Amino acid sequence: MTTPVRTRFAPSPTGLPHVGNIRTALFAWLFARHHGGSFIVRIEDTDVARKVEGAVDAILGSLRWLGLDWDEGPEVGGKYGPYFQSQRLDLYHRAAERLVRQGNAYYCYCSPQRLDEMRKEQTRRKMPPGYDRLCRNLSEAERRQKEAEGITPVVRFKTPLIGQTRFKDFIWGNVVFENNLLDDLVLLKSDGYPTYHLANIVDDHEMEITHVIRAEEWLSSTPRHVLLYDAMGYAPPRFAHLPMILGPDRSKLSKRHGAVSVAEYREQGFLPEAMLNFLALLGWSLDDKTELFTREELIKSFSLERVSKTGAIFNIEKLKWMNGVYIRGLTADEFAWRSIPFLERDLPPDVARPLPVEYVREVMPLVQERVKTLLEVTPLTRYFFAENLDYDANLLISKGMDGESTVRALEMSQKRLTELKTFDAGVLEALLRPLAEELGLKTGQLFGTLRTAVTGETATPPLFQTMAVLGRERCLTRIQEAIDRLKRSS
RNA sequence: GGCGCAUUCGUCUAGAGGCUUAGGACACUUCCCUCUCAAGGAAGAGAUCACCGGUUCGAAUCCGGUAUGCGCUACCA
């Protein structure tokens, strides 16, 4: 009987969730779901100074947007709660006290200033920086003396001076560290909050986390955690350190690389399913060809064994391509539905809101295969909504034509269009193709002129469909405007 | 400075000693389709598998060294 898998995502609420954090969450979630286990969200709010208002909501919102549901954590509770570390302070205090009692930890009265100077001196002398263990062997009398001075101590771990600490990582294999390279880390800060190290091992044990899946930057501190588990008499969980996500310059992805929070990608019109798929491929792959996965396929095929060790650069171009693939895969209704918020937000203010839904549904199929993000929908469909077009009259004149012949073509088109009984794409094509020949023009010449007249753009969806959706009245008005524009400019 | 880890087309990656004249995808180029733009189809260019040695009949794959890069080295996570 194997114990059920329990993984956790333990973000600290210090800002908007970064794609790297969310990728970590995704892998932990995938692993749990793949094994039919539980996925837990735990908020590591032990740094009062860096805490950012609203960050928890932003994190939860991003998880929800991607469909990363959690079995235990904020808002849903669970039997291992509370899931905010700031509400579990007693637990950490008890653990710290116990370690002190057992002789595995001690009170340290060194001031931040002393520590700072010590480190500066160490780096100046090219020595490895680390706590010099001044307080490690304080006598009872010395301790009382410091207490009497009113110094609030921190609790430090008494790291073994000799020996090695080893652990097995799912991704990195056997990892060995020399204990004498580790200094005596702080467990409990003087403000009463635990450090990450303490809180993390206490909670992972209390919450019965079986697999700690986190970013590579934690690899170096894992031996400390293993030592802490030992001192507490806990069996350590299994570890998996994920490769990092890099910026184009190969350094850890950060704000200076541009958009990094998933909320920004959402704003920019990326679909959650595309984001999920793309993120999954950053550091993981199934084989040498499959790269489009549904959420279910991801759950089914995910495994830690196939996670790579090397950091991956976040390639936005590929994300865009993938987003385009997902957009094209949407039903027309879904696409329209998802585009509406962007149209409502970005269309010029003089366009009446709310937008007529039926009309939007006619317009959207025309651009569905032409956009890579929902953000691109508005600029490509502006002329379907805005009354006035703004373009250079010269754009009306096709190659091999002049102002005069263009006006003639426009006037002829106008006349024929007026006579039309119905106004759909088929009828328009049947009318316009022969008309080009009649005017002695290539279809491209006539269609180009009409396209500009009717949309103000030189690149649009197919002309006949575009005109059909625009409707006869609007087309005729715009053709008239084009003629006026040409006459004015000549 | 110390410790750790990594290094396959510009990018994401496949590859776990012979199947590899190193495969796929994005981006790029050309062509086809075509009323423009896309989408789609086809083709192409692009990697002496960081470098140097070694093991082996045979190495991108194993070993050692070098270089480069990254991470950690806080009363931050």
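Throughout, a chain's letter reflects where its sequence line sits, starting with A, and its residues are numbered from 1. Predicted model, so just to flag it, every value in this text is computed and none were measured.
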request  = Would you please test A:T455 and A:T460 for side-chain hydrogen bond (donor to acceptor under 3.5 Å, both in side chains) and show each step?
outcome  = CA-CA 8 Å; A:T455 66; A:T460 74; 4.9 Å; no
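With a 3.5 Å ceiling on both atom-pair distances, the Watson-Crick or G-U wobble partner of B:U11 is B:A25. For B:U55, there is no paired base (Watson-Crick or G-U wobble, both distances below 3.5 Å).
Listed by residue number, the members of residues 407-414 of chain A with any heavy atom below 4.0 angstrom from RNA chain B form an empty set. RNA chain B lies under 4.0 Å from at least one heavy atom of each of the following residues of residues 446-460 of chain A: A:F447, A:R451, A:T458, A:A459, A:T460. Only A:P462, A:L463, A:F464, listed by number, bring a heavy atom of residues 462-470 of chain A to less than 4.0 angstrom from any atom of RNA chain B. Of all the residues in residues 375-382 of chain A, not one reaches under 4.0 Å from RNA chain B with any non-hydrogen atom.
A:F302 does not carry A:R306 over the face of its six-membered ring by the limits of under 6.0 Å from the centre and within 45° of the normal. The side-chain tip of A:R478 does not point at the ring of A:Y383 from less than 6.0 angstrom away and within 45° of straight on. Annotation: cation-pi geometry not satisfied between A:R156 and A:Y107 (NZ/CZ under 6.0 angstrom from ring centroid, within 45° of ring axis).
A donor-acceptor pair is defined here as one N or O able to donate and one able to accept, closer than 3.5 Å; no such pair exists between the side chain of A:W284 and the backbone of A:S308. Using a distance-only test at 3.5 Å, with no hydrogens or angles considered, no donor-acceptor pair links the side chain of A:S251 to the main chain of A:G247. Under a 3.5 Å cut-off, the side chain of A:N277 and the backbone N or O of A:F293 do form a donor-acceptor pair.
Across all strands, A:V186 comes closer than 4.0 Å only to sugar-phosphate atoms, never to a base (heavy-atom distances). Residue A:S285 is in sugar-phosphate contact alone, with no base atom involved, counting any heavy-atom pair closer than 4.0 Å across all strands shown. A:W172 comes within 4.0 angstrom of sugar-phosphate atoms only, judged by non-hydrogen atoms across all strands, and of no base. If you check every strand for non-hydrogen atoms under 4.0 Å, A:S220 touches a base. No contact: A:R114 has no heavy atom under 4.0 Å from any strand. Within the 4.0 angstrom heavy-atom criterion, only backbone atoms of the sugar-phosphate kind lie near A:T46; the bases stay farther away. Counting non-hydrogen atoms under 4.0 angstrom, A:M244 reaches the backbone sugars and phosphates but no base. Residue contacts shown for A:G324 are absent, as no nucleic acid heavy atom lies under 4.0 Å away. No engagement by A:P11 is indicated, since no non-hydrogen atom pair under 4.0 Å with the nucleic acid exists. Using a 4.0 Å heavy-atom distance criterion, A:C108 is classed as making no nucleic acid contact. Residue contacts for A:P153: at a heavy-atom cut-off of 4.0 Å it reaches no nucleic acid atom on any strand shown. Nucleic acid contact class of A:R125 (heavy atoms, under 4.0 Å, all strands): none.
Among B:C3, B:G1, B:A77, the nucleotide with an atom closest to any side-chain atom of A:T195 is B:A77. Nearest to the side-chain atoms of A:V154 among the listed nucleotides B:C75, B:A39, B:G23 stands B:C75. Distance from the side chain of A:R370 is smallest for B:A38 among the nucleotides B:A6, B:A38, B:C76. Side chain of A:R250, nearest nucleotide from B:A77, B:C12, B:U73: B:C12.
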Review item, nucleotides 20-22 of chain B N/O atoms under 3.5 Å of protein N/O:
none

Pairs under 3.5 angstrom, nitrogen or oxygen only, protein versus nucleotides 25-31 of chain B, please.
from  : atom 1 : to     : atom 2 : distance (Å)
B:A25 : O4'    : A:E291 : OE2    : 3.1
B:A25 : O2'    : A:E291 : OE1    : 3.3
B:A25 : O2'    : A:E291 : OE2    : 2.6
B:A25 : O2'    : A:K318 : NZ     : 3.3
B:A25 : N3     : A:K318 : NZ     : 3.2
B:C26 : O2'    : A:K318 : N      : 3.4

List the atom pairs, donor and acceptor, that lie under 3.5 Å between side-chain atoms in residues 371-380 of chain A and the rest of the protein, sequence neighbours left out.
from   : atom 1 : to     : atom 2 : distance (Å)
A:T373 : OG1    : A:L375 : N      : 3.4
A:E376 : OE1    : A:K372 : N      : 2.9

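Nearest-nucleotide positions on RNA chain B for A:T310 and A:S111 put A:T310 closer to the 5' end. The residue among A:D47 and A:T290 whose nearest nucleotide of RNA chain B is located toward the 5' end is A:T290.
Salt-bridge check for A:E149 with A:K146: failed, with every basic side-chain N at 4.0 Å or more from each acidic carboxylate O. Salt bridge annotation for A:R114-A:D132: present, with a cationic side-chain nitrogen under 4.0 angstrom from a carboxylate oxygen. Note on A:R224 versus A:D183: salt bridge recorded, some NZ/NE/NH1/NH2 to OD/OE distance being below 4.0 Å. The pair A:D184-A:R136 meets the salt-bridge criterion, since a charged nitrogen lies less than 4.0 angstrom from a carboxylate oxygen.
Below 30°, between 30° and 60°, or above 60°: for A:H241 and A:F239 the angle between ring planes is below 30°, a parallel geometry. Between A:H225 and A:W218, the ring planes lie tilted relative to each other; the angle falls in the 30° to 60° range. Classification of the A:H211-A:F170 ring pair by plane angle, with boundaries at 30° and 60°, yields tilted.
Sorted by first then second residue, the salt bridge (Lys or Arg N to Asp or Glu O under 4.0 Å) pairs that include residues 438-450 of chain A, not counting sequence neighbours, are A:R416-A:E438. Screening residues 40-51 of chain A for side chain to side chain donor-acceptor pair (under 3.5 Å) gives A:R42-A:E44, A:R42-A:D204, A:E44-A:Q85, A:D45-A:S86, A:D47-A:R50 as the qualifying pairs, with residues at least two apart or on separate chains.
Residues satisfying the ring pair (Phe, Tyr, Trp, His ring centres under 6.0 Å) test with A:F270, not counting sequence neighbours, are A:Y265. The salt bridge (Lys or Arg N to Asp or Glu O under 4.0 Å) test applied to A:R88 returns A:D203, not counting sequence neighbours. Applying the side chain to side chain contact (heavy atoms under 4.5 Å, CB included) test to A:L99 and every residue at least two apart in sequence or in another chain returns A:Q102, A:N104, A:A105, A:L187, A:L228, A:A231, A:M232.
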